[in-house]
Amino acid sequence: MIGTVLKQRDQGQVRVAEPAPGLMLCAADFPAGGSCAAPPPDPGRLELLFCRSGRLQLAFGDGRTAALGPGDLLVRTPWSGAVTGSAPLGGVCFTEMAAAEETLARLYGGLSLPPVPLEHLRSRTPGGWLVLRDTAWSGPVLEALERLPEEEQGGYVLLRALERLYLLCRRPEETRPSGDAYFDRYQRNAAERVRAYMVEHLDSRITVEDLARQFQISATTLKACFRQLYGEPLHAYLQRYRLETAAELLRTMDMSVLEVAAAVGYSGTSRFGAAFKELYRQTPGAYRRRLREKNVQNR
């Protein structure tokens, strides 16, 4: 998506740096309701996208989709095909990195570490792309970005992304679940309608069994098909969507924390607060106060 966001540079939505030959860093604020399309990375080039806030919905040329939330890292190789992105909930802030393979080799070599060849990454990324989700890794990254000067943030994200790639390629080869299982058009359509229903009824109690009955698909097939389409289990997707919607409400609406919790399906503030803190590393109240203080400082 580097090529797409670069076109927005003149609109003040993108900050671009080229700290070394073959390396580009891009910090972007994607508008609510916006969409864009991007071709695959050029041969010999790797692209990484780290989501800092909001939710970025992605649709890939292989028919799969994924959603990036705060702390998620998208890895794209030249074998990934085209991708389109949209921001259904609100604005999205992300850092994008693009590096030539020889540049990656120099960066790792400067640390006396073995390189991360693109062919090696290809074997780890079904379809040429992969979303890495690990709150134990991303939580400290998000926290650190809050304390760093703006001019240092892109380099820091790149440093941590290189660490994540290194660990990805050094772990033992895993036996992947049957991610290539075939689902017919009816099953895929049912999973898509389930997703649409869930995001329109965030304030309702939702179970997989109820959804399976309503959309006339077995619960087992629904869970497997949903995971293939959206890159994570149905219940995890729903919780993340609820919490990201809550964060948007805290940023933009004058609602109490209890009202926000109820709007996204939590019956009280205790469980909501615990879940919110696990994702955003701070309580809902602290999250809102920090944003208000930042807005005052920027005036």
Side-chain angles (χ1 to χ4, degrees), residues 1-5 22-26 36-51 55-86 94-105 107-108 113-138 141 157-183 188 224-233 236-237 240:
M1 300 175 79
I2 284 280
T4 301
V5 296
L23 182 63
M24 182 175 291
L25 300 177
C26 171
C36 66
D42 293 334
R45 197 170 176 86
L46 176 72
E47 289 187 7
L48 305 167
L49 191 152
F50 179 75
C51 183
R55 170 175 285 267
L56 188 64
Q57 190 72 37
L58 303 172
F60 294 86
D62 61 8
R64 291 186 295 159
T65 62
L68 292 186
D72 290 343
L73 180 68
L74 170 68
V75 180
R76 291 183 73 213
T77 71
W79 301 277
S80 69
V83 61
T84 60
S86 61
F94 59 85
T95 298
E96 192 163 10
M97 300 146 277
E101 188 167 18
E102 57 268 25
T103 302
L104 287 175
L107 290 171
Y108 285 109
L113 296 175
V116 176
L118 292 187
E119 279 289 350
H120 196 166
L121 281 175
R122 184 181 187 180
S123 68
R124 304 281 182 161
T125 53
W129 63 272
L130 180 68
V131 176
L132 298 173
R133 310 182 198 277
D134 182 356
T135 55
W137 172 82
S138 64
V141 178
V157 171
L158 175 63
L159 179 67
R160 296 304 303 269
L162 290 175
E163 171 199 25
R164 194 71 180 85
L165 281 179
Y166 176 80
L167 295 175
L168 171 69
C169 289
R170 292 296 169 267
R171 73 185 182 193
E173 191 68 51
E174 298 174 353
T175 301
R176 290 195 183 95
S178 55
D180 296 326
Y182 173 77
F183 296 101
R188 292 167 66 90
C225 185
F226 191 98
R227 182 163 190 159
Q228 186 182 97
L229 282 176
Y230 296 103
E232 60 185 318
Y237 184 99
R240 283 163 55 87

Test item: [X] side-chain N/O and [Y] main-chain N/O as donor-acceptor pair under 3.5 Å:
X      : Y      : result
Tyr108 : Leu162 : yes
Arg164 : Leu132 : no
Glu96  : Leu48  : no

Contacts of type side chain to side chain donor-acceptor pair (under 3.5 Å), residue [X], not counting sequence neighbours:
X      : result
Thr103 : Arg106
Arg160 : Tyr156, Glu163
Asp134 : none

Check [X] against [Y] and note the closest heavy-atom contact, atom names and distance.
X      : Y      : result
Ser138 : Gly71  : CB-O, 3.2 Å
Phe60  : Ala66  : CE1-CB, 4.3 Å
Gly44  : Pro78  : N-CG, 3.8 Å
Arg124 : Pro126 : O-CD, 3.5 Å

Between [atom1] on residue [X] and [atom2] on residue [Y], distance to nearest 0.5 Å:
X     : Y      : atom1 : atom2 : answer
Trp79 : Arg122 : CH2   : CZ    : 5.5 Å
Leu58 : Arg64  : CG    : CZ    : 11.5 Å
Leu74 : Leu130 : CG    : CG    : 8.5 Å
Thr77 : Glu47  : OG1   : CD    : 10.0 Å

### Full working for side chain to side chain contact (heavy atoms under 4.5 Å, CB included) between Met24 and Met97
CA-CA 6 Å; Met24 182 175 291; Met97 300 146 277; over 6 Å; no
If you define the side chain from C-beta out and look only at heavy atoms, does anything of [X] sit under 4.5 Å from [Y]?
X      : Y      : value
Pro41  : Ser80  : yes
Arg170 : His120 : yes
Leu49  : Leu56  : yes
Leu121 : Trp129 : no
Thr95  : Cys26  : no
Pro40  : Arg76  : yes
Leu158 : Leu25  : yes

#### Entry: Sidechain N-carboxylate O distance under 4.0 Å for Asp72, Arg240
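Between Arg240 and Asp72 there is a salt bridge, with a charged N closer than 4.0 Å to a carboxylate O.
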#### Entry: Worked check of side chain to side chain contact (heavy atoms under 4.5 Å, CB included) between Thr84 and Cys36
CA-CA 6 Å; Thr84 60; Cys36 66; over 6 Å; no
### Query
Quick one: side chain to side chain contact (heavy atoms under 4.5 Å, CB included) partners of Arg227, sequence neighbours excluded?
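Arg227: side chain to side chain contact (heavy atoms under 4.5 Å, CB included) contacts with Pro233.
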### Summary
Those residues at least two apart in sequence (or on a different chain) that pass side chain to side chain contact (heavy atoms under 4.5 Å, CB included) with Ala105 are Pro115
### Query
Going through the distances and angles, do Leu46 and Leu165 end up as a side chain to side chain contact (heavy atoms under 4.5 Å, CB included)?
CA-CA 11 Å; Leu46 176 72; Leu165 281 179; 3.5 Å; yes
### Message
Would you say the ring centers of Phe94 and Phe50 fall short of 6.0 Å from each other?
### Response
no
#### Entry: Contacts of type salt bridge (Lys or Arg N to Asp or Glu O under 4.0 Å), residue Asp42, not counting sequence neighbours
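In terms of salt bridge (Lys or Arg N to Asp or Glu O under 4.0 Å), with neighbours along the sequence ignored, Asp42 is linked to no residue.
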### Message
Does Leu68 form a side chain to side chain contact (heavy atoms under 4.5 Å, CB included) with Arg55? I'd like the steps, not just the answer.
### Response
CA-CA 6 Å; Leu68 292 186; Arg55 170 175 285 267; over 6 Å; no
